[in-house]
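Everything numeric in this text was worked out from a predicted model, so none of it was measured. So you know, we letter chains A, B, ... as the sequences are listed, proteins then strands, and number each from 1. Scope of the values below: all heavy atoms of this structure, side chains included, with no hydrogens, waters or symmetry mates.
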2 protein chains.
Amino acid sequence: MVVRLELSDGEVDRLFRALADATRRDIVRRTLVGEASVSELADAYDMSFAAVQKHVAVLEEARLVTKEPRGRERIVRADPEQIGRARALLVQLEELWHARFSQLDAVLDVDPDT
Amino acid sequence: MVVRLELSDGEVDRLFRALADATRRDIVRRTLVGEASVSELADAYDMSFAAVQKHVAVLEEARLVTKEPRGRERIVRADPEQIGRARALLVQLEELWHARFSQLDAVLDVDPDT
DNA sequence: AAGACGTACAACCATCTGGTTGTATATTAG
DNA sequence: CTAATATACAACCAGATGGTTGTACGTCTT
């Protein structure tokens, strides 16, 4: 399977949007540690099954989670690679900050870690 | 100045929410490379000044950006530390994944700071 | 076969979001 | 002083979001 590394603006929007909710971050944590069915997840939160179902759908569209049928259940698993991609985007931003000093550093021969 | 490292759920929500918009990510990039006034930023986008003003406000509430008065202008600067905090949150998630395979599980489960 | 379980999906609702325009106020330039 | 500039902020709007309930359907269990 070929995995596209580049994410479009819309995909990045969906990725960070999906992470901007405490329930969804918790679902990611749980399914990162071990797979779970949607109803198992739903049992963990004080909201309707349908609400949890929607949260899982948002995570799935953001590719933070995959859903696989198993009998009448849908097994949810987090995708650590997509989390890594989100992290990489932030690292890119931070590199932009470091680059701010690089030209001056070259001239003055200053330690870039300070 | 004391900086609180721990972010509440609501603060994390706002942080990722702020990053979930291409215009806002671009504002962060620009102000990370070099400070800019709100109107300088507004000139860069095909939307009203007020719209950009709102984006900057969202970034400010997420603490991704600070606004300092200078004469009649408001100078916007990105805060690399807050970006680092967002990155740290993702790293924490990824560590949860790695822990899945190691015996550190027991240790992490007992850690009172989580 | 019948009922329980797990999921899907539609309809509905209140609130939030991202944009707009318009008006007011502070600061700088001439 | 006056005019231009930079910002603030309110009101408004369409569409998205996060929740609900209700209904339908496939899959187990007995």
Can you give one letter per nucleotide of nucleotides 19-30 of chain D, going 5' to 3': B for a protein heavy atom under 4.0 Å from the base, S for sugar-phosphate only, - for none?
BBB-----BS--
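For D:dC9, the OP1/OP2 oxygens have no side-chain nitrogen or oxygen of B:Q53 closer than 4.0 Å. Side-chain N/O atoms of B:K67 include one lying less than 4.0 angstrom from OP1 or OP2 on D:dA8.
Residues passing the salt bridge (Lys or Arg N to Asp or Glu O under 4.0 Å) test with B:D13 are A:R25, sequence neighbours excluded. For B:T66, the side-chain contact (heavy atoms from CB on, under 4.5 Å) partners two or more places apart in sequence, or in a different chain, are B:R77. Residues passing the salt bridge (Lys or Arg N to Asp or Glu O under 4.0 Å) test with A:D26, sequence neighbours excluded: A:R29, A:R30.
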CA sep, side-chain torsions, deciding dist, call: A:R24, A:R17, side chain to side chain contact (heavy atoms under 4.5 Å, CB included)
CA-CA 10 Å; A:R24 286 196 293 259; A:R17 190 76 185 68; 3.6 Å; yes
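Between B:F16 atom CZ and C:dC16 atom P there is a gap of 22 Å when expressed in whole angstrom units. If you take CG of A:D13 and C1' of D:dG15, they are 15 Å apart, rounded to a whole angstrom. In this entry the distance linking CD1 of A:I75 with C1' of C:dC5 reads 14 Å, nearest Å.
Residues B:V38 and B:E73 fail the side-chain proximity criterion, which asks for heavy atoms closer than 4.5 Å.
The stretch residues 25-41 of chain B comes close to DNA chain D through B:S37, B:V38, B:S39, each having a heavy atom under 4.0 Å from the strand.
Taking CG from A:L19 and CG from B:L89, the interatomic distance works out to 9.5 Å, rounded to the nearest 0.5 Å. Between the NZ atom in B:K67 and the OG atom in B:S37 there is a gap of 11.5 Å [rounded to 0.5 Å]. A:W97 contributes atom CH2, which lies 12.5 Å from atom CG of A:L93 (distance to the nearest 0.5 angstrom). One distance of note links OG1 of A:T31 with CD1 of A:I75; it measures 11.5 Å at 0.5 Å rounding. Rounding to the nearest 0.5 angstrom, the gap separating the CD atom in A:Q92 from the CZ atom in A:R87 is 11.5 Å.
Using a 4.0 Å cut-off between charged nitrogen and carboxylate oxygen, A:E61 and A:R14 do not count as a salt-bridge pair.
Five base pairs at each end of the helix from C:dA1-D:dT30 to C:dG30-D:dC1 define two local axes, and these are offset by 30° (rounded to 10°).
DNA chain D is contacted by both B:E73 and B:R17; B:E73 maps to the nucleotide lying nearer its 5′ end (nearest heavy atom per residue).
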